[in-house]
Engineer: 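Please see the structure below; I have some questions.
Computed from heavy atoms alone, side chains included, the values below leave out hydrogens, waters and symmetry copies.
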Amino acid sequence: MSIPQTFIQELLARADVVDIVGRHVQLKKGGANFMGLCPFHGEKSPSFSVSPSKQFYHCFGCGKNGNAISFLMEHAGMTFIEAVKDLAQQYGLQVPEDDVSPQDRARAAQMREQQATLTSVLEKAGVAYIKALRNSERAIDYFKGRGVSGEVAKTFGLGYAPEGWRSLASVFPDYNDPLLVESGLVITGEPGDENQAGEAKRYDRFRDRVMFPIRNVKGECIGFGGRVLSDEKPKYLNSPETPVFSKGRELYGLFEARTALREHGYALVTEGYMDVVALAQLGFANAVATLGTACTADHVQKLFRFTDSVVFSFDGDSAGRRAARKALDAALPFATDVRTVKFLFLPAEHDPDSYIREHGQEGFAAAVRKAVPLSRFMLDAAGEGCDLDTAEGRAHMASNARPLWSLMPDGALKRQLLAEIADKVQIDSRELLQLWQPAATGYKADYKNNSNMRKSGAGYKPKSSSNPGQHADMPDSADYPPHFPDERDYSASEPSGYFPAPSTSGRSFGDRSSRSPRRVAGRMLPASREDRVLRLLLTEAETWDRLTTEEHHLLVELPEPHGPLFVWLESQLHEHGPQPWAALREGLRGHAHERHATTQIAQIPEGIESDWTEVRSILDQLLRLRRQQEMSELATRAATDPAARQRYLELAASLKPAADTAR
């Protein structure tokens, strides 16, 4: 789905960022802006500023900043498309879908209306379950026995489904309403099992169970989990799959854990509802749980919208090891160089709830710190059952490791693991890669001739050079290109005017998308820093996942034409995943900056490959430029504003290592 940039600008112009942020953060007027406690990191004094004139938020403590759309993405974990649709719905706008047929558009509208109706039905049932809990001594005693306080019960909306077959008949006026079945609250009997009046039998799905409402990232109730209070089976019962609930995509407690994920710096994935509730009670509010199913790629992807670090916690028994193995498969495609995945294995007699009660908060925190890194667990999984003292066992491990290693995205971690696998199976890494070549074609150019492997900072360069005087020891990208020292004349990377104050129009200075590439003495000037990053991300879209959250913000907030193109690319990745340039080219048709993107791809000389190391260097430079610009803006306020002074010192400290290195 491609959303016109003009609509996004219209939406941002109509939306009030103070109103959007104010629904989640308590704001107080402070001069021209509004101030509050930052929702992205823990703090006791407010350093989070929202500007009604600039329609922009900024935290002087952690540096988070953006507009109404980026706030919904960061705080609610929405994708770009989800944030735009949610914001448009709030302001009564219809998101244009030029590439969607009228029939599909009508079906989508009908589905949205259906989902809204079902969530309202489930919300109403949730309120009824909360009221029923207050009148059930057995249910209250159960939660008290598990150490759950009233405050935590309120946070998670815990409730109780009373005994009896049709308790919900007193909640909903029409117990025969099809929505009750569609939402999963009521079960209808099989054909031939009618009552005396000839009607299909209907009864409540949840009876005599303590109830755990399942919420999506927007806080809407989309289903329930119920735990039996007697010896009845099954012990746990979930809502069925419905138009609003899919257990393979949802995580229990994620909505409640959003702030804690940022405070703790990682997500703790458990296997049960009570694990999440008990851990929140005892200081680990960053816990979430899969819903009676194995961890999926959708679960992992959703978690990485909120944090760059995930710890999977499993029981130490054989079932826990099997669950961890499935989680490994789900996590490997997302194991980039800037993310961390670990596996915590508790003793067989413990689950997270019992372990933290026996060993205390510090004991559990120590266990988390000792969790097994993904790299080690992958090697253990590949070597399981293999006798590495024999050639057959080592060959078996190599065979086991290949599909796991192939799931990983390209990067330093993947290449290090190749070397470690090769070491364990006693094969040279290049020879091992040749054995795996069908699954690793992307590495052919790098490993075919080890003496010609690319070196860091080399930028765009031919795979082989006919000029013996020109080799890999080229200047770092900060000085690129060596023959054009006047880069400031054509590059868009200079601090002055590069990070201007945001505006609702989305335009900071003249649109460069229609300009032809400048030439000097008949030669094409080299691409700017931003264009080199754009070229890589358009030709290797999967590298977007290797960027940090700060780098994501940096790119999407760039002036035209780069910022809108990166916004568009991010939306494509969220909607369709990584695509080759040919597919992206079709999606670009009609985009305001289509010409600039296609021109950049056309200017990549034949036989030239992009260098991730150079792009990493460029991103570091752009981040430094951004911080320097922010420091210049803070300098005038630092003398009188303690928060501004603190932020200024933090930025200065972050820039100091780079300056030292340069010297």
Side-chain angles (χ1 to χ4, degrees), residues 17-18 20-28 30-31 33-51 54-78 83 217 254-268 284-286 303-310 338-340 499 501-502 547-558 570 619-620 622-635 637-638 641-658:
V17 71
V18 177
I20 300 300
V21 174
R23 299 175 190 179
H24 306 275
V25 180
Q26 186 175 355
L27 299 174
K28 292 184 178 180
N33 299 331
F34 289 81
M35 300 295 294
L37 296 176
C38 180
F40 303 117
H41 79 288
E43 62 178 10
K44 295 182 179 179
S45 58
S47 61
F48 186 76
S49 173
V50 185
S51 171
K54 297 179 180 179
Q55 287 296 298
F56 204 67
Y57 64 86
H58 179 83
C59 177
F60 293 101
C62 66
K64 291 283 187 182
N65 59 77
N67 54 30
I69 294 176
S70 62
F71 182 83
L72 291 176
M73 294 173 66
E74 285 286 340
H75 190 259
M78 299 182 187
V217 293
L254 181 58
F255 172 75
E256 292 81 1
R258 292 170 304 160
T259 301
L261 291 178
R262 298 182 178 99
E263 292 175 353
H264 287 262
Y266 68 95
L268 181 63
F284 290 86
N286 56 323
L303 284 169
F304 278 130
R305 294 182 192 171
F306 293 88
T307 179
D308 288 330
S309 182
V310 175
V338 296
R339 291 172 176 162
T340 302
F499 294 103
L547 306 180
T548 65
T549 301
E550 184 180 11
E551 290 164 347
H552 284 169
H553 282 300
L554 169 73
L555 294 179
V556 300
E557 292 163 11
L558 291 175
E570 182 178 40
L619 290 170
D620 290 342
L622 296 180
L623 285 172
R624 288 199 298 272
L625 291 170
R626 180 180 189 175
R627 290 165 182 166
Q628 289 167 359
Q629 177 69 16
E630 186 180 348
M631 285 178 66
S632 67
E633 294 172 355
L634 290 170
R637 295 188 288 114
D641 185 343
R645 174 176 171 77
Q646 179 62 30
R647 177 60 178 165
Y648 183 92
L649 294 175
E650 291 174 358
L651 290 170
S654 71
L655 293 172
K656 190 173 186 297

Engineer: Evaluate side-chain contact (heavy atoms from CB on, under 4.5 Å) for Leu254 paired with Val217, printing each intermediate quantity in order.
Structural biologist: CA-CA 7 Å; Leu254 181 58; Val217 293; 3.9 Å; yes
Engineer: OG of Ser47 to CG of Leu37: how many Å apart, nearest 0.5 Å?
Structural biologist: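 Separation between the atoms: 8.0 Å.
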Engineer: What's the spacing between Glu263 CD and Cys38 SG if we round to 0.5 Å?
Structural biologist: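 Rounded to the nearest 0.5 Å, the CD-SG separation comes to 10.0 Å.
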Engineer: Of all residues at least two apart in sequence or in a different chain, which pass the ring-ring contact (aromatic ring centres under 6.0 Å, His included) check with Phe48?
Structural biologist: Tyr57
Engineer: Between Phe56 and Val17, is the side-chain contact (heavy atoms from CB on, under 4.5 Å) condition met? List the steps.
Structural biologist: CA-CA 7 Å; Phe56 204 67; Val17 71; over 6 Å; no
Engineer: Quick one: closest heavy-atom pair of Thr307 and Tyr266, and the distance?
Structural biologist: OG1-CA, 3.6 Å
Engineer: Do Val338 and Asp308 make a side-chain contact, defined as non-hydrogen atoms from C-beta onward lying under 4.5 Å apart?
Structural biologist: no
Engineer: Going from CE on Met35 to SG on Cys59, what distance comes out if it is rounded to the nearest 0.5 angstrom?
Structural biologist: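 So the gap between those two atoms works out to 8.5 Å.
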Engineer: Using every non-hydrogen atom in the two residues, find where Ala267 and Leu303 come nearest and quote the distance to one decimal.
Structural biologist: CB-CD2, 3.9 Å
Engineer: Can you give me the closest heavy-atom contact between Pro39 and Phe71, atom names plus distance?
Structural biologist: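 So the two residues come closest at CG-CE1, 4.0 Å.
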Engineer: So how far is it from Leu261 CG to Phe306 CZ, rounded to the nearest 0.5 Å?
Structural biologist: 7.5 Å
Engineer: Take the angle between the ring planes of His75 and Phe40 and call it parallel below 30°, perpendicular above 60°, tilted in between.
Structural biologist: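 Perpendicular.
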Engineer: State which residues pass side-chain contact (heavy atoms from CB on, under 4.5 Å) with Ala83; sequence neighbours excluded, sorted by chain then number.
Structural biologist: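 Counting only residues at least two positions away or on another chain, Ala83 forms a side-chain contact (heavy atoms from CB on, under 4.5 Å) with Ile69, Leu72, Met73, Met78.
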Engineer: Any side-chain heavy atom of Glu557 sitting closer than 4.5 Å to one from Asn65?
Structural biologist: yes
Engineer: Distance from Leu547 atom CG to Leu554 atom CG, nearest 0.5 Å?
Structural biologist: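 Those atoms lie 9.5 Å apart.
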Engineer: Mind checking what makes ring-ring contact (aromatic ring centres under 6.0 Å, His included) contact with His58, not counting sequence neighbours?
Structural biologist: Phe60
Engineer: At what distance, to the nearest 0.5 angstrom, does CG of Asn286 lie from CZ of Arg258?
Structural biologist: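 Asn286 atom CG to Arg258 atom CZ measures 14.5 Å (nearest 0.5 Å).
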